[in-house]
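Residue numbers start from 1 in every chain, and the chains themselves are labelled A, B, ... in the order their sequence lines are given, proteins ahead of strands. Small disclaimer: the values here were computed from a predicted structure and weren't measured.
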Amino acid sequence: MAAIVSDKLLDWYDAHARDLPWRARPGEPAPDPYRVWLSEVMLQQTTVAAVKPYFEAFTSRWPKVEALAAAPEEDVMAAWAGLGYYSRARNLVKAARVVAEMGGFPDTEAELRKLPGLGDYTAAAVAAIAFGRRAVVVDANVERVVSRLFSIREPLPGSRKAIRAATDAITPKSRAGDFAQAMMDLGSGICTARDPKCLLCPLERDCRGKAEGDPALLPVKAPKKAKPTRQGTAWWIEREGAVWLVRREGTGMLGGMRALPDDGWSARGDGSGEAPIEGSWEARGVVRHAFTHFAIELSVERQSGAAQPEGEGEWWPIAELDDAGLPTLYAKAARLVLA
DNA sequence: TACCCGTGGCT
DNA sequence: TAGCCAAGGGT
């Protein structure tokens, strides 16, 4: 059954593979490991449509890993702005510098797994896609397809071990990269989370989930926690056509990204409401923004002709604010002030 | 393990 | 519209 499933899927992939900028067409040589790695990191929890323009921008500006390794971290962070999960950009720079120092990407799953930002999924995907290694590649698409194919009814995340074993059982010795990408294309276009297109599926006859009932009910997932709403304030401090920007520290929320000064709001609590400088503030309104596990209502206060706040920061020309690389929350706040 | 960490499209 | 979802990783 295992060989039959992988053969059917690879045949389907040869006929229906998506044409993507980071992907070789079936039968072509494997693409540059740099492009595979970059695309896989960008695609972590991120849609293909969102990734495409960023992938083009990055590979145009930094065509090789050595170029990315030589770039200032803040330039990479600014280029990543809007894509989200900014630890990916911090780790991207770290990994690029390690790889450049090594003289190239390692070509085994175990060595790739040691690079920052490469977990089980990405290490396996790069090993399989860029280097033709047999690796068990399990992402959310594979979890869904395999849960249905084998009718695994234990809820996630408890079912991960069983899903991995089942995926291992159907992963072929050769063309593991194509197999992985075929599974992802199948999950993306056919075996979708809602309303799967079973009539178009090359594995319909092999699918226990289909045979036993409604495959759309799989995988079962644990219920999600309610997300709280936090209150915070951001300060638009303006002087001579420039606004005061800081760079957020650490590895936490929006860490390493340029931002407006704020009052210390976080996922765990509201901000203090305390302004960084004296003076009279003009209320400009409230920005609402939903993060993964909480929402924020950010009040935006403005002061012009202001003194320079203490601490690190820079006066950024308002006319060039698009180049600052503000994450979406602060881009919204800026739009509110400038509207 | 459970939680933290972004964003935009879709229903 | 409010929630769900997407090629997860780090701690």
Side-chain angles (χ1 to χ4, degrees), chain A residues 17-18 20-23 35-55 77 80-92 94-95 112-130 135 137-145 155-158 160-161 167 177 179-189 191-196 216 219 221-230 248 250-257 259 266-269 288-296 325-332:
Chain A
R18 286 179 291 178
L20 300 172
W22 46 84
R23 177 185 278 184
R35 294 168 65 87
V36 175
W37 163 71
L38 179 63
S39 67
E40 289 299 340
V41 173
M42 287 184 165
L43 286 161
Q44 289 167 2
Q45 296 288 287
T46 308
T47 58
V48 165
V51 165
K52 278 182 177 175
Y54 284 86
F55 181 81
M77 301 301 293
W80 197 275
L83 200 55
Y85 284 141
Y86 298 102
S87 66
R88 294 185 293 173
R90 296 192 299 268
N91 286 331
L92 195 76
K94 288 183 191 170
L112 287 161
R113 182 66 179 77
K114 297 176 183 175
L115 295 171
L118 276 75
D120 291 341
Y121 163 75
T122 307
V126 174
I129 297 168
V137 181
V138 182
D139 74 323
N141 285 302
V142 174
E143 286 181 350
R144 185 171 58 255
V145 171
L156 285 168
R160 291 238 160 89
K161 186 171 285 186
T167 306
F179 177 78
Q181 294 178 95
M183 290 286 277
M184 292 186 268
D185 279 14
L186 190 75
S188 172
C191 196
T192 47
R194 283 169 295 202
D195 190 26
K221 293 186 179 181
K224 295 189 175 168
K225 291 182 59 178
K227 60 172 71 170
T229 298
R230 304 301 183 194
R248 296 175 63 86
T251 58
M253 177 69 66
L254 309 178
M257 301 300 289
S266 74
R268 294 178 184 78
R288 289 176 174 76
H289 189 72
F291 293 108
T292 305
H293 53 297
F294 72 101
I296 175 106
L326 293 178
T328 299
L329 173 66
Y330 294 106
K332 285 184 181 177

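- The two residues A:K52 and A:P21 come nearest to each other via the heavy atoms CE-CD, 4.1 Å.
- Across the protein-nucleic acid pair, A:L83 atom CG and C:dA7 atom C1' stand 13 Å apart, rounded to whole Å.
- Toward the 5′ end of DNA chain C lies the nearest nucleotide of A:V48, the other residue of the pair A:N91 and A:V48 mapping further downstream.
- Considering only side-chain N and O atoms, A:H289 lies nowhere under 4.0 angstrom from the phosphate OP1 or OP2 of B:dG6.
- If you check every strand for non-hydrogen atoms under 4.0 Å, A:M253 touches sugar and phosphate atoms only.
- Between A:G255 and A:Y86, the closest heavy-atom pair is O-CB, 4.4 Å.
- If you check every strand for non-hydrogen atoms under 4.0 Å, A:L20 touches a base.
- Among the nucleotides B:dT11, C:dG8, C:dA7, the one closest to the side chain of A:Q45 is C:dG8.
- The CG-C1' distance, from A:D120 to C:dA7, rounds to 14 Å in whole Å.
- For A:R18 and C:dA7, a side-chain-to-base donor-acceptor distance below 3.5 Å is present, hydrogens and geometry of angles not being considered.
- Heavy atoms of A:A290 sit under 4.0 angstrom from at least one base atom.
- Counting any heavy atom pair closer than 4.0 Å across all strands shown, A:R160 reaches no nucleic acid atom.
- Within 4.0 Å (heavy atoms only), A:W22 reaches at least one base atom of the nucleic acid.
- Closest contact between the side chain of A:R113 and the listed nucleotides C:dG10, C:dG3, C:dA6 involves C:dG10.
- Rounded to whole angstrom, the span from the CZ atom of A:R194 across to the P atom of C:dA2 amounts to 16 Å.
- Checking C:dG8, C:dC5, C:dA7 against the side-chain heavy atoms of A:K221 singles out C:dC5 as nearest.
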Can A:Q181 and A:R23 be said to form a side-chain hydrogen bond (donor to acceptor under 3.5 Å, both in side chains), step by step? CA-CA 9 Å; A:Q181 294 178 95; A:R23 177 185 278 184; 3.0 Å; yes
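- Within the nucleic acid shown, A:A267 comes within 4.0 Å of sugar-phosphate atoms alone, with no base atom in reach, counting heavy atoms only.
- Between A:T46 and C:dG8 there is no side-chain polar atom (N or O) within less than 4.0 angstrom of OP1 or OP2.
- Backbone-only contact: A:A140 has heavy atoms under 4.0 Å from sugar-phosphate atoms and none from a base.
- Between A:S188 and A:K227, the residue anchored closer to the 5' end of DNA chain C is A:K227, taking for each the nucleotide with the nearest heavy atom.
- Backbone-only engagement by A:L254 is indicated by non-hydrogen atom pairs under 4.0 Å involving sugar-phosphate atoms exclusively.
- Residue A:T292 places no side-chain N or O under 4.0 Å from the OP1 or OP2 atom of B:dC5.
- Counting only heavy atoms from C-beta outward, the side chains of A:L92 and A:W80 approach each other to under 4.5 Å.
- Among the atoms of the strands shown, base atoms are found under 4.0 Å from some heavy atom of A:R23.
- Rounded to whole Å, the distance from OH on A:Y330 to P on B:dT7 is 10 Å.
- You'll find the ring centres of A:H289 and A:F291 inside the 6.0 Å limit.
- Among the nucleotides B:dG8, C:dG9, B:dG6, the one closest to any side-chain atom of A:F291 is B:dG6.
- Of the side-chain N and O atoms in A:K225, one or more sit less than 4.0 angstrom from OP1 or OP2 of B:dC3.
- Atom name P, nucleotides B:dT11 and C:dA7: the rounded distance is 15 Å, in whole Å.
- With rounding to whole Å, A:K161 atom NZ is found 13 Å from B:dT1 atom C1'.
- Between A:Y86 and B:dT7, a side-chain N or O to OP1/OP2 separation shorter than 4.0 Å is present.
- Across the protein-nucleic acid pair, A:K224 atom NZ and B:dA2 atom P stand 15 Å apart, rounded to whole Å.
- Mapped onto DNA chain B by nearest heavy atom, A:P157 and A:G82 fall at different nucleotides, with A:P157 at the one closer to the 5' end.
- Between C:dC5 and C:dT1, the distance separating the two C1' atoms is 16 Å to the nearest Å.
- Within the 4.0 Å cut-off from OP1 or OP2 of B:dC5, at least one side-chain nitrogen or oxygen of A:H293 is found.
- With both ends at atom P, the span from C:dC4 to B:dC3 equals 16 Å, rounded to whole Å.
- Contact between A:R18 and A:S188 at its shortest, heavy atoms only, is NH1-OG, 3.3 Å.
- Atom OH in A:Y54 sits about 9 Å away from atom P in B:dT7, given to the nearest Å.
- Phosphate proximity of C:dG10 to A:R88: absent, as no side-chain N or O sits under 4.0 Å from OP1 or OP2.
- Heavy-atom minimum distance, A:E40 versus A:I129: OE2-CD1, 3.5 Å.
- Comparing C:dT11 with B:dT1, their C1' atoms are spaced 11 Å from each other, to the whole Å.
- Across all strands shown, A:T122 has heavy atoms under 4.0 Å from sugar-phosphate atoms exclusively, and none from any base.
- Spacing between atom CG of A:L118 and atom C1' of C:dA7 amounts to 12 Å, rounded to whole angstrom units.
- Between A:P228 and A:R230 the shortest heavy-atom distance is CG-NH2, 3.8 Å.
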